Undergrad: 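Supplied in C-alpha cells, the structure appears directly below.
Note that the structure is a prediction, hence the values are computed from the model and not measured.
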2 protein chains.
Amino acid sequence: MVISKIDKMHSLSKNQQIIFDLIDKSPEPLKAYTILFNVQKKGIKAPPQVYRALDKLVEMGKIHKIESRNAFIACHNSSCQVAKATAFSICEICEKVTEISSAGLSKYLANFKDKDGMKYSKYNLEFFGLCKKCR
Amino acid sequence: MVISKIDKMHSLSKNQQIIFDLIDKSPEPLKAYTILFNVQKKGIKAPPQVYRALDKLVEMGKIHKIESRNAFIACHNSSCQVAKATAFSICEICEKVTEISSAGLSKYLANFKDKDGMKYSKYNLEFFGLCKKCR
DNA sequence: CTTATAAATGTTATATTATTACATAGTGTT
DNA sequence: AACACTATGTAATAATATAACATTTATAAG
Ligand SMILES: [Zn+2]
Ligand SMILES: [Zn+2]
Ligand SMILES: [Zn+2]
Ligand SMILES: [Zn+2]
C-alpha cells in the first residue's frame with residue numbers, strides 16, 4: 001500500500017486535483033466558467049463537474065469562494081483549517097484579492113456575540129479598498 | 001415648490017419606491033426575480049428595471065445585498081449611513097437574516113489595518129449560525 | 001474475491017441571476 | 001427652447017448554478 005489511509009483521506013479526486021491545481025496556480029480569483037473553459041482539454045466538459053469539485057474543495061478548506069465576486073481562490077493559510085472563518089481584502093480597481101490572516105481579527109470575530117448572545121459557527125468578511133499598486 | 005431640493009435629492013423614483021416598499025415590508029431577504037414577480041402588477045415588467053432600482057437603493061444605503069444569498073434586505077439602521085460597513089447574522093436553518101449594529105464591531109473593523117497597512121473604505125461581514133428559534 | 005456502500009464522474013437539460021444595448025420619457029437648469 | 005442628466009421601457013442575451021439520472025470508481029466488510 002503506497003498511499004496511507006490518512007493520506008488518502010486528504011487526497012483529492014482526479015477532477016478535484018485538476019481544478020485545485022488551476023486555481024492554485026492562478027494569481028487571481030477564478031470564476032466557475034473560466035475554470036470550465038480551462039479544463040475542457042483535460043476532459044472536464046460540463047458545469048456540474050466543475051461545481052461539484054468546487055463544492056468539495058470549499059468544504060475541505062482548500063479554496064474559498066469570494067462571495068462578492070462569484071470567484072474562487074486557493075487558501076494559502078497552510079490548507080486552511082478555517083474554511084469557517086475567512087477574511088479577504090479586495091482591490092476595487094485591479095480586483096486583486098488577498099486572504100487576510102490576522103490572529104487579532106480572527107480572535108475578535110470568533111468571540112463576537114450579538115445582542116441576543118448568539119454565537120456564530122462561521123463567518124466571511126470582505127474588505128474593499130485600493131491596493132498598494134492602485135493607490 | 002412643495003418638495004425642497006434636499007428632499008428631492010433624497011427621494012426615491014417611482015420604481016425605486018415600489019421596490020423599496022416591497023423589500024421593506026418583507027420579513028426576509030428578497031431575491032431579484034421574486035421582486036420582479038411581485039411588482040409586475042405595478043408595471044415593472046423586466047429584469048433591468050428591478051436591477052437598476054436595486055443598484056440605486058444599495059448605493060443610497062436604503063437596502064443591502066446579502067452576498068452569500070443573492071438577496072436584499074432593507075436597512076433598519078435609520079437609513080444606514082453605513083452602506084459601506086455592513087454586518088449580518090444569517091441562520092443556516094431558517095435563513096433568517098438580521099443586520100448587526102454593534103458600535104464595538106464597527107469600530108474594530110473600521111480601524112482594522114492589514115499587514116501592509118492597507119486601510120479599507122468598505123467592508124461586508126456575514127456571520128452564520130443558528131438563530132434562537134432554530135437552536 | 002465478492003458484495004455492499006459510498007463517493008465521484010459523465011451527460012443532458014434547465015433554472016436562476018444579471019447585463020447589454022438601444023429607444024423613449026421625464027426632470028432640472030440656463 | 002436647448003441642454004444635460006436621470007430614470008424608464010423593452011428585447012435579447014450573458015453569466016452563474018442546479019436538477020436529474022445513468023454509470024463508474026473507490027473503500028470497507030465479510
Ligand atoms: Zn484560507
Ligand atoms: Zn489594485
Ligand atoms: Zn444598514
Ligand atoms: Zn433559524
Side-chain angles (χ1 to χ4, degrees), chain A residues 1-23 28-60 62-73 95, chain B residues 1-23 26 28-60 62-73 95 97:
Chain A
M1 196 194 233
V2 177
I3 300 174
S4 79
K5 254 187 206 169
I6 296 282
D7 287 346
K8 196 60 189 170
M9 279 168 62
H10 290 255
S11 77
L12 303 180
S13 75
K14 181 169 137 284
N15 288 0
Q16 288 161 12
Q17 189 69 58
I18 290 168
I19 287 172
F20 175 73
D21 287 345
L22 183 70
I23 297 172
E28 60 191 7
L30 294 179
K31 293 175 161 263
Y33 276 73
T34 303
I35 293 167
L36 176 56
F37 179 79
N38 278 281
V39 297
Q40 281 181 331
K41 47 183 165 296
K42 304 219 172 185
I44 297 176
K45 292 181 195 152
Q49 295 173 287
V50 172
Y51 282 100
R52 285 191 293 229
L54 290 173
D55 287 349
K56 289 295 179 183
L57 291 167
V58 167
E59 266 180 36
M60 295 176 202
K62 301 281 291 179
I63 65 173
H64 303 300
K65 182 173 187 180
I66 309 302
E67 293 287 355
S68 65
R69 299 299 186 261
N70 298 316
F72 300 85
I73 64 170
E95 294 291 325
Chain B
M1 195 195 234
V2 178
I3 299 176
S4 78
K5 255 188 204 169
I6 296 282
D7 286 346
K8 193 61 193 170
M9 279 168 62
H10 289 223
S11 76
L12 303 180
S13 74
K14 182 170 136 281
N15 288 359
Q16 287 161 14
Q17 189 68 60
I18 290 168
I19 286 171
F20 175 73
D21 287 345
L22 183 69
I23 296 172
S26 172
E28 59 191 8
L30 293 179
K31 293 176 161 260
Y33 276 75
T34 304
I35 293 168
L36 176 56
F37 180 79
N38 279 280
V39 296
Q40 281 181 330
K41 47 183 163 297
K42 305 221 172 183
I44 296 176
K45 292 181 195 152
Q49 297 173 285
V50 172
Y51 282 102
R52 284 191 294 230
L54 291 174
D55 287 349
K56 291 293 181 185
L57 292 167
V58 168
E59 266 180 34
M60 295 176 201
K62 302 280 292 178
I63 65 172
H64 303 301
K65 181 172 186 180
I66 309 303
E67 293 287 355
S68 65
R69 299 297 187 262
N70 299 316
F72 300 84
I73 63 169
E95 293 291 324
V97 174

Undergrad: Phosphate oxygens OP1/OP2 of D/dA15: is one of them under 4.0 Å from a side-chain N or O of A/Asn70?
TA: no
Undergrad: Determine whether B/Leu12 and B/Met60 make a side-chain contact, defined as any pair of heavy atoms from C-beta on separated by less than 4.5 Å.
TA: yes
Undergrad: Would you mind reading off the distance between B/Arg69 atom CZ and D/dT16 atom C1', rounded to a whole angstrom?
TA: 16 Å
Undergrad: Going by the rule side-chain hydrogen bond (donor to acceptor under 3.5 Å, both in side chains), which residues pair with A/Ser68 if we only count those two or more places apart in sequence or in a different chain?
TA: A/Glu126
Undergrad: For residues 40-53 of chain B, which residues have at least one heavy atom under 4.0 Å from DNA chain D?
TA: B/Lys45, B/Ala46, B/Pro48, B/Gln49, B/Arg52
Undergrad: Identify, with sequence neighbours excluded, every residue that meets salt bridge (Lys or Arg N to Asp or Glu O under 4.0 Å) alongside A/Glu95.
TA: A/Arg69
Undergrad: Does a side-chain N or O of B/Lys14 approach OP1 or OP2 of D/dA7 to a distance below 4.0 Å, or not?
TA: no
Undergrad: Compare every heavy atom of B/Leu30 with every heavy atom of B/Ile23, then report the nearest pair and how far apart it is.
TA: CA-CD1, 3.9 Å
Undergrad: Could you tell me whether the phosphate oxygens of C/dT17, OP1 or OP2, come under 4.0 Å of any side-chain nitrogen or oxygen in B/Lys31?
TA: yes
Undergrad: Considering just the side-chain nitrogens and oxygens of A/Lys65, establish if one lies under 4.0 Å of OP1 or OP2 belonging to D/dT16.
TA: no
Undergrad: Would you be so kind as to tabulate the donor-acceptor pairs closer than 3.5 Å made by side chains of residues 32-44 of chain A, with sequence neighbours excluded?
TA:
from, atom 1, to, atom 2, distance (Å)
A/Asn38, ND2, A/Thr34, O, 2.7
A/Lys41, NZ, A/Asn38, O, 3.0

Undergrad: Return the set of residues passing side-chain hydrogen bond (donor to acceptor under 3.5 Å, both in side chains) with A/Asp21 (not counting sequence neighbours), or none when no residue passes.
TA: A/Gln17
Undergrad: Ignoring hydrogens and angles, tell me if any N or O in the side chain of A/Glu59 forms a donor-acceptor pair with the backbone of A/Lys56 under 3.5 Å.
TA: no
Undergrad: Can you see if the side chain of B/Ser13 gets near the phosphate of D/dT8 - specifically, an N or O under 4.0 Å from OP1 or OP2?
TA: yes
Undergrad: Figure out the CD1/P separation between A/Ile18 and C/dA8, and round it to whole Å.
TA: 14 Å
Undergrad: In whole angstrom, give the distance that lies between atom CG of A/Leu36 and atom P of C/dT12.
TA: 14 Å
Undergrad: CD1 of A/Ile35 versus C1' of D/dA15: gap in Å, rounded?
TA: 14 Å
Undergrad: Given atom CG of A/Leu54 and atom P of D/dA15, what is their separation to the nearest angstrom?
TA: 18 Å
Undergrad: Starting at atom CD of B/Glu67, determine the distance to atom C1' of C/dA18, rounded to an integer number of angstrom.
TA: 13 Å
Undergrad: For DNA chain D, whose closest nucleotide is more 5', that of A/Phe72 or that of B/Asn15?
TA: B/Asn15
Undergrad: Rounded to whole Å, how long is the line connecting atom CD of A/Gln16 with atom C1' of C/dA8?
TA: 8 Å
Undergrad: At what angle, to 10 degrees, do the two end axes of the helix from C/dC1-D/dG30 to C/dT30-D/dA1 meet, given five pairs define each axis?
TA: 40°
Undergrad: Just so I know, are the side chains of A/Phe72 and A/Val58 near enough to count as touching, which here means a heavy-atom distance under 4.5 Å?
TA: yes
Undergrad: Heavy atoms, side chains only, cut-off 4.5 Å: are B/Lys65 and B/Leu54 in contact?
TA: no
Undergrad: Could you check how far NZ of A/Lys56 sits from P of C/dA7, rounded to whole Å?
TA: 7 Å
Undergrad: Does a side-chain heavy-atom distance below 4.5 Å link A/Ile73 with A/Ile63?
TA: no
Undergrad: Below 3.5 Å, does any donor atom in the side chain of A/Tyr33 face an acceptor in the base of D/dA17, or the other way round?
TA: yes
